[in-house]
Amino acid sequence: MTALADPDTALAAFAGERARLRALAYRLLGSVAEAEDALQDAWLRWSAVAPGSVGSAPAFLTTLVTRLALDRLRSARVARERYYGLWLPEPEVADWDDGSEDGAESESVPLAMLLLLERLAPDQRAVFVLREAMDLDYAEIAAMLGKSVEACRQIMRRARARMAEPSAAMADPDAGRRLAAAFAEASVRRDYAAIVALLSDDAQWLSDGGGMVRTAVKPLFGADRIARFLIGVQRKRAVSFQFVPVRVNGGPGLLAELGGSFRSVLAFDIADGRILRVYQVANPQKLERVRSF
C-alpha cells in the first residue's frame, strides 16, 4: 500500500508523477491550459485521499487524470464544433537550447498527431493514448475506464482505423531548425522564389485565429499561394515579419512578430527536406502561456 501519512508525502508522490501526468493530459486535451487545470484538479483530489487507502500512487493518479481530462474533453468537443475557422491545438513552446519543456524531449507530441487525435471520440482517444503513449496493457486501461478488456480492444481497433493516415515524421532537429530559419529569412526578404523552393508543391498553411485576429480562415494549399500570402500580408500592412526560432512540440518552430508585435506561433511538418505543412496558432487565448524569447 502507498502510505500518504502527511502532506509532504502526498506532494512528493504527485511531483514524481507530474511530468508523465501532464503529457497524458495534454495528449487527451490538446491544450496546455486545460492540461494544467486538469492537473490542478487532480492535485486537489489527491491531497484529500485518506492515508494508506491507495495501493499504487501512479495507477491511481493516472486513472484520476484520465477521468478528469475525459470530462473536460467531452465538454470541449461541443465548443470545438462551434469554433470559428480551423481549430488547432495549443502549442508547447520552448527555447531551442532546452532539451524539452517539463520533461524529456521524447514526451513531446507533434501538432499533426494532436490533430489526428481530434478525429477520435473521447473514449477512443483515451484508450489510444493510454495504450500507445502511456504503454499500459488492456487490463489496466479497462480498470481505469470502467470497461471490459474486450471492449477496450474493440475501441482501440476502431481508433486505429480512424487514425490510419500517414503523418510527417519528426524531422532531424538540426535539419528542421535550418529549414525553419531559411523559411523565416526568405519570408522577411519577401523572396517569392526562395519561399516556394522551401515548400512542398502540395504544402498546406493551416491557421487558427479563433475569430479574434485576422488570419487565413480556410487552409491555403500549394507553395505558390502560401508564398503570395506571406508577401501580401507584409505589403498590405506596410510592415515586415520578424521571427524568433523556437522549439514547438519538440520540432522546429518560430515566434512571429508583425510590426513589432507578437502575433503567432508557427510550427512545421517536414518531409523529404521540404516543408509539408505550416501551422499558425494566432488565437490570443492559446498564446497566453507563450513568452517572447
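For reference, positions follow the sequence shown, starting with 1. Computation of the quantities below employed the complete heavy-atom set of this structure, encompassing side-chain atoms and omitting hydrogens, waters and symmetry-equivalent molecules.
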Original post:
Going through the distances and angles, do E36 and R18 end up as a salt bridge (Lys or Arg N to Asp or Glu O under 4.0 Å)?
Top reply: CA-CA 10 Å; E36 292 288 354; R18 192 183 190 285; 2.6 Å; yes

Subject >> Donor-acceptor contact present, side-chain R125 to main-chain L28, <3.5 Å >> reply: yes

Original post:
Short question: side chain of K286, backbone of V32 - any donor-acceptor pair under 3.5 Å?
Top reply: no

Original post:
Quick one: do E92 and R289 make a salt bridge, cutoff under 4.0 Å?
Top reply: no

**OP:** Would you check if V213 and P284 make a side-chain contact, meaning some heavy-atom pair closer than 4.5 Å?
**Re:** yes

Original post:
Between R160 and E132, is there a salt bridge with N-O shorter than 4.0 Å?
Top reply: yes

Subject >> Same apolar cluster (I L V M F W Y, side chains within < 4.5 Å links), F243/L198 >> reply: yes

Original post:
Pick one: which of R80, R72, R22 meets salt bridge (Lys or Arg N to Asp or Glu O under 4.0 Å) with E34?
Top reply: R80

Original post:
How far apart are the closest heavy atoms of S207 and L86, and which atoms are they?
Top reply: O-CB, 3.5 Å

Original post:
How many angstroms lie between atom CG of L266 and atom CG of L206, to the nearest 0.5 angstrom?
Top reply: 11.5 Å

Original post:
Should L88 and M163 be regarded as members of a common hydrophobic cluster, given that ILVMFWY residues are connected when their side-chain heavy atoms come within less than 4.5 Å of each other, either directly or indirectly?
Top reply: yes

**OP:** Would you confirm whether R162, through its side chain, and L116, through its main-chain N or O, come within 3.5 Å as a donor-acceptor pair?
**Re:** no

Original post:
With a 4.5 Å limit on heavy-atom distance, are the side chains of S264 and V281 in contact?
Top reply: no

Original post:
Do you know which of R158, R67, K147 makes salt bridge (Lys or Arg N to Asp or Glu O under 4.0 Å) with D123?
Top reply: K147

**OP:** Spell out, as yes or no, whether a donor-acceptor pair under 3.5 Å connects the side chain of Y84 to the backbone of D208.
**Re:** no

**OP:** Start with the C-alpha distance between S240 and R190, add both sets of side-chain angles, then the distance that settles side chain to side chain donor-acceptor pair (under 3.5 Å), and finish with yes or no.
**Re:** CA-CA 9 Å; S240 296; R190 307 183 191 184; 3.2 Å; yes

**OP:** Spell out, as yes or no, whether a donor-acceptor pair under 3.5 Å connects the side chain of W205 to the backbone of I226.
**Re:** no

**OP:** With rounding to the nearest 0.5 Å, note down the distance linking CZ in F14 to CH2 in W43.
**Re:** 7.0 Å

Subject >> Ion pair D224/R228, N-O distance below 4.0 Å >> reply: yes

**OP:** Using the six-membered ring wherever Trp is involved, compare the ring planes of F183 and F268 and label them parallel, tilted or perpendicular (cut-offs 30° and 60°).
**Re:** perpendicular

Original post:
Is the side chain of Q234 donor-acceptor paired with the backbone N or O of F241 at a distance under 3.5 Å, no angle test?
Top reply: yes

Subject >> Flag, side chain of S148 to backbone of A151, donor-acceptor distance under 3.5 Å >> reply: yes

Subject >> Greater than 12 external heavy atoms within 6.0 Å of Y83's OH >> reply: yes

Subject >> Donor on one side chain, acceptor on other, N249 and Y279, under 3.5 Å >> reply: no

Original post:
Is a side-chain donor or acceptor of R225 paired with a backbone partner of L220 at a separation under 3.5 angstrom?
Top reply: no

Original post:
Just wondering, do T66 and T63 contact through their side chains at under 4.5 Å, heavy atoms?
Top reply: no

Original post:
Can you check whether M134 reaches T62 side chain to side chain, under 4.5 Å on heavy atoms?
Top reply: no

Original post:
Is the shortest distance from a Lys or Arg side-chain nitrogen in D269 or R274 to a carboxylate oxygen in the other one below 4.0 Å?
Top reply: no

